[in-house]
Amino acid sequence: MLDDRPRLYLATSALALAAFTCYRKYRDKQSGPPLPPGPTPLPILGNILSLDVARPWLTFNAWRSTYGDIIYARLLNKPVVVINSEEVAKDLFEWRSTIYSDKPQSIVYEPFGSDFNIAFMPYGDRWRLHRRIYHQAFRQTEVHTYHAVQLCCAHKMLLRVLQDPSEYPRHFEMFNASVVLSILYDYDPKARDDPIIHIMETYADRVVANLTPGPTVILETFPFLLKLPKWFPGATFKRASLECLKAAHDVKEIPFQIVKERMSTGVTTPCFVADALNRMGRLDNAVITSAVKEAACIAFAASFETATSTLLVFILAMVLNPDVQAKAQAEIDGVVGKDRLPDFSDRPALPYIDAVLRETLRWHPVAPFGFPGATTTSDTYNGYFIPRACQGAITHDEKRYPSPDEFKPERFLHEDGSLTSDIMHLGFGFGRRMCVGRHVAEASLWIAMTSFLAMFSAHKALDEHGMDIPVIPKFSTGLIVFA
Ligand code: HEM
């Protein structure tokens with residue numbers, strides 16, 4: 001399941017759209033402050049050939065040494081301003097968040113079933129409503145209410161790894177799917193061929209296959225193609241759009257109806273959907289009802305691949321750094337012992353594990369560009385014209401994280417072994433569009449990693465002579481990067 005699906009194409013498309021918006025603003029700008037410095041673009045290709053798409057921080061760090069923390073580059077004909085320092089990112093995304101909280105818009109979102117995805121929504125009332133629904137469920141003070149389900153799913157994951165270790169990526173997927181479906185709908189998916197997981201995956205696959213840069217640019221240029229009747233020869237976009245809309249309908253309605261039916265029979269098991277509807281007290285309010293069902297299915301989409309990918313990066317880090325793994329396991333053994341499995345009450349006594357989690361998020365962020373944003377108006381910063389900005393090599397800033405390519409959890413620990421105040425929120429974005437599920441995600445990742453290390457070790461595979469087979473890390477490209 002992990003290897004044969006192209007992973008993230010939305011990224012390129014969203015980057016392209018964001019950049020297109022920026023380009024238009026740039027083109028319209030005839031005078032005023034200069035754009036930031038940056039590498040000289042090639043004709044047509046721009047700087048695309050220099051960009052390591054899976055590990056963009058390598059390219060951004062190389063550019064930083066010449067051009068500084070704010071860099072202007074062009075990917076094909078799309079300009080981007082890359083922000084390479086946390087200080088600048090905070091200045092723009094947090095201090096000027098009213099300007100930097102928008103998202104680029106496109107006429108393809110609605111026909112391809114993506115206009116209800118909060119990550120693509122313009123900064124406005126609809127986004128605020130969705131964000132409020134998420135915030136009420138996922139804010140830090142609520143996170144403990146999900147611990148029981150996260151622990152239970154972690155134990156099931158351990159059993160599956162024990163039975164079939166070679167399928168560990170699928171077990172991580174199942175862990176994340178089970179946690180999030182349980183939180184959202186109080187739904188316990190089957191390990192194989194689950195109908196709700198199938199609906200969620202079908203929707204993601206359809207959207208992802210269609211919101212690629214090629215079709216997006218064609219449809220933005222010739223929007224009438226979407227108006228052709230579906231039987232018309234060559235009306236591929238129209239047919240793809242109808243498939244996407246059907247998948248979007250299913251993903252919103254089918255799991256939602258399961259909860260609604262339970263509620264109508266008086267069986268009230270708490271979950272995101274039931275709680276949101278009860279809390280807002282307006283089951284008959286069409287706007288609220290739509291927002292809740294949309295927010296629920298998008299939470300699955302936003303969490304499933306990001307969290308699974310982070311666990312795969314963790315396994316890679318353990319394989320490549322056996323000393324770190326041994327130290328983490330020694331900490332668990334010392335605190336938890338060998339007679340039981342870890343639980344959330346152990347967390348304060350396991351600072352090294354938290355440092356491993358933070359370092360995993362820093363070492364190979366799974367959403368290295370963030371989700372591309374847009375500005376409501378163009379801006380000037382440090383004398384430069386900023387039409388639009390994206391996150392650069394902040395997690396690999398050598399000044400802040402020396403030897404940034406090395407996996408060193410110690411960078412998050414004081415000499416006495418206690419955790420520093422660097423909570424490594426960088427992997428979750430900045431400002432008002434920062435990941436709203438980060439506290440839930442962190443708890444899931446923590447219990448999955450700690451439980452795994454308590455029972456298993458990740459090692460290089462051995463050849464027929466019992467020798468280690470070298471590991472050559474490979475990463476997919478896209479918005480969500482997979483190890
Ligand atoms: C390891 C796991 C995760 C990672 C690395 C991650 C990362 C991110 C990033 C980088 C963003 C974009 C922020 C921006 O636009 O600047 C984001 C947005 C978002 N995330 Fe997460 N995320 C994770 C898990 C989750 C979970 C578990 C949920 C929900 C339960 C979630 C829900 C969302 C939503 C709804 C948004 C859109 C927020 C908005 O546009 O206002 N994420 N996430």
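For ligands, and for the atoms within them, numbers begin at 1 and follow the listed sequence. Heads up: numbering here begins at 1 and tracks the sequence.
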Asker: Numbering the atoms of ligand 1 from 1, which are under 4.0 Å from a heavy atom of Val366?
Answerer: 5 (C)

Asker: With heavy-atom distances below 4.0 Å as the criterion, list the atoms of ligand 1 near Leu445.
Answerer: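 Taking each heavy atom of Leu445 in turn, ligand 1 has 1 (C) under 4.0 Å.
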
Asker: Between the candidates Leu357, Val436, Ile183, which shows the shortest non-hydrogen contact distance to atom 35 (C) of ligand 1?
Answerer: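 Shortest heavy-atom distance from atom 35 (C) of ligand 1: Val436.
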
Asker: If the threshold is 4.0 Å, N to carboxylate O, is there a salt bridge linking Lys293 and Glu253?
Answerer: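 Salt bridge: yes.
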
Asker: Taking the side chain as C-beta and beyond, is there a heavy-atom pair between Tyr146 and Val179 under 4.5 Å?
Answerer: no

Asker: For ligand 1, note which part of Leu361 has a heavy atom under 4.0 Å away: side chain, backbone, both or neither.
Answerer: neither

Asker: Any atom of ligand 1 sitting under 4.0 Å from a heavy atom of Val440?
Answerer: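 Contact absent.
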
Asker: Can a salt bridge be assigned to the pair Glu294 and Arg126 using a cut-off of 4.0 Å between side-chain N and carboxylate O?
Answerer: yes

Asker: Under 4.0 Å from any heavy atom of Gly437, which atoms of ligand 1 are there?
Answerer: 26 (C), 27 (C), 28 (C), 29 (C), 31 (C), 32 (C)

Asker: Classify the contact between Met121 and ligand 1 as side chain, backbone, both or neither, using a heavy-atom distance cut-off of under 4.0 Å.
Answerer: neither

Asker: Quick check against the 3.5 Å criterion: does Asp346 have a side-chain atom that pairs as donor or acceptor with the backbone of Asp343?
Answerer: yes

Asker: Nearest 0.5 angstrom please: Met174 CE to Glu167 CD, how far?
Answerer: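 That separation rounds to 13.0 Å.
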
Asker: Considering only heavy atoms of Ala119, which atoms of ligand 1 have at least one such atom less than 4.0 Å away?
Answerer: 40 (O)

Asker: State, without any angle test, whether Glu173 and Thr308 hold a side-chain donor-acceptor pair at a distance under 3.5 Å.
Answerer: no

Asker: Numbering the atoms of ligand 1 from 1, which are under 4.0 Å from a heavy atom of Ala441?
Answerer: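 Near Ala441, meaning under 4.0 Å from one of its heavy atoms, ligand 1 has 2 (C), 24 (C), 27 (C).
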
Asker: Measuring from the heavy atoms of Trp127, does anything fall under 4.0 Å of ligand 1?
Answerer: yes

Asker: Sequence neighbours left out, what passes ring-ring contact (aromatic ring centres under 6.0 Å, His included) with His249? Give chain and number order.
Answerer: none

Asker: Considering Ser101, Cys435, Gly427, Ala307 one by one, which has a heavy atom nearer to atom 10 (C) of ligand 1 than any of the others?
Answerer: Gly427

Asker: Near Arg131, which atoms of ligand 1 are under 4.0 Å from a heavy atom of that residue?
Answerer: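 Every atom of ligand 1 under 4.0 Å from some heavy atom of Arg131: 38 (C), 39 (C), 41 (O).
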
Asker: Just verifying a value: how many Å separate Leu211 CG and Tyr109 OH, rounded to the nearest 0.5 Å?
Answerer: 7.5 Å

Asker: At under 4.0 Å between heavy atoms, which part of Thr310 makes contact with ligand 1: side chain, backbone, both or neither?
Answerer: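 Under 4.0 Å from ligand 1, Thr310 contributes side-chain atoms alone.
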
Asker: Taking atom CG of Asp188 and atom SG of Cys153, what is their separation to the nearest 0.5 Å?
Answerer: 7.0 Å

Asker: Which one of Met434, Lys103, Arg432 has a non-hydrogen atom at the shortest distance from atom 15 (O) of ligand 1?
Answerer: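 Among Met434, Lys103, Arg432, the closest heavy atom to atom 15 (O) of ligand 1 comes from Lys103.
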
Asker: Compute whether any side-chain donor of one residue and acceptor of the other, for Tyr100 and Glu94, lie under 3.5 angstrom apart.
Answerer: no

Asker: Does the N or O separation between Tyr134 and ligand 1 drop below 3.5 Å for any pair?
Answerer: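 No.
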
Asker: For Ile298, state whether at least one heavy atom is located under 4.0 Å from any atom of ligand 1.
Answerer: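 No, Ile298 has no heavy atom closer than 4.0 Å to ligand 1.
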
Asker: So which of Ser309, Ser303, Ala302 gets nearest to atom 27 (C) of ligand 1, if we judge by its closest heavy atom?
Answerer: Ser303

Asker: Just by modelled atom types, is the Arg433 backbone N or O under 3.5 Å from a matching donor or acceptor in the Ser101 side chain?
Answerer: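 The answer is no, because no donor-acceptor pair under 3.5 Å joins these two groups.
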
